Amino acid sequence: MNNPDKLCEILSELSNWKTLANLADENPQFSYSQLKTLFWKRTEHEGLSTCVRIIGNRLYINAPAFGLWLANPELFTSHIYPPKKTKMEVV
């Protein structure tokens, strides 16, 4: 995803945000427990936290953003987080 405006549109559309249970029901290829474990450990996967918000004590997932992340995490996070510079580039 190279278009930040498109990502902003995806993230700001309220109908794209699903509860964990709804996401599991709509996507039977993932079990509820698989999704729960993945999203509670979202800090271990760069860019995944962009797809998740906690409101009150509910976890909401942006389904299209999760699909983009799932398809290609590096491409999804490349415009959210600037590329990391190596020591050779810094010098």
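None of these values were measured; they are calculated from a predicted model.
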What's the spacing between [X] [atom1] and [Y] [atom2] if we round to 0.5 Å?
X   : Y   : atom1 : atom2 : value
L38 : K36 : CG    : NZ    : 13.0 Å
L35 : L23 : CG    : CG    : 5.5 Å
S12 : N62 : OG    : CG    : 9.0 Å
R42 : T50 : CZ    : OG1   : 11.0 Å

Which residues pass the side chain to side chain contact (heavy atoms under 4.5 Å, CB included) test with D25, not counting sequence neighbours?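 D25: no side chain to side chain contact (heavy atoms under 4.5 Å, CB included) contacts found.
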Got a sec, which residues hit side chain to side chain contact (heavy atoms under 4.5 Å, CB included) with Q34, two or more places apart in sequence or on another chain?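 Q34: side chain to side chain contact (heavy atoms under 4.5 Å, CB included) contacts with F30, S31.
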Please report the closest heavy-atom contact between [X] and [Y], naming both atoms and the distance.
X   : Y   : answer
I10 : A65 : CG2-N, 3.9 Å
I61 : T19 : CD1-C, 4.3 Å
L59 : V52 : CD1-CG1, 3.1 Å

Do side-chain atoms of [X] reach the backbone of [Y] as a donor and acceptor pair under 3.5 angstrom?
X   : Y   : result
N22 : K18 : no
W69 : S49 : no
W17 : L11 : yes

Under the salt bridge (charged side-chain N to carboxylate O under 4.0 Å, His left out) criterion, do K41 and E44 qualify, and how do the steps go? CA-CA 6 Å; K41 294 184 176 186; E44 297 175 14; 5.0 Å; no
Can you confirm whether more than 12 heavy atoms, excluding those of L14, are under 6.0 Å from its CG atom?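 Counting neighbours around CG of L14, 12 or fewer heavy atoms of other residues, nucleotides or ligands fall under 6.0 Å, so no.
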Residues that F39 engages under ring-ring contact (aromatic ring centres under 6.0 Å, His included), provided they are two or more places apart: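 Once residues adjacent in sequence are excluded, the partners of F39 under the ring-ring contact (aromatic ring centres under 6.0 Å, His included) criterion are F66.
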side-chain contact (heavy atoms from CB on, under 4.5 Å) between L20 and R58, worked out: CA-CA 8 Å; L20 191 58; R58 283 229 175 154; over 6 Å; no
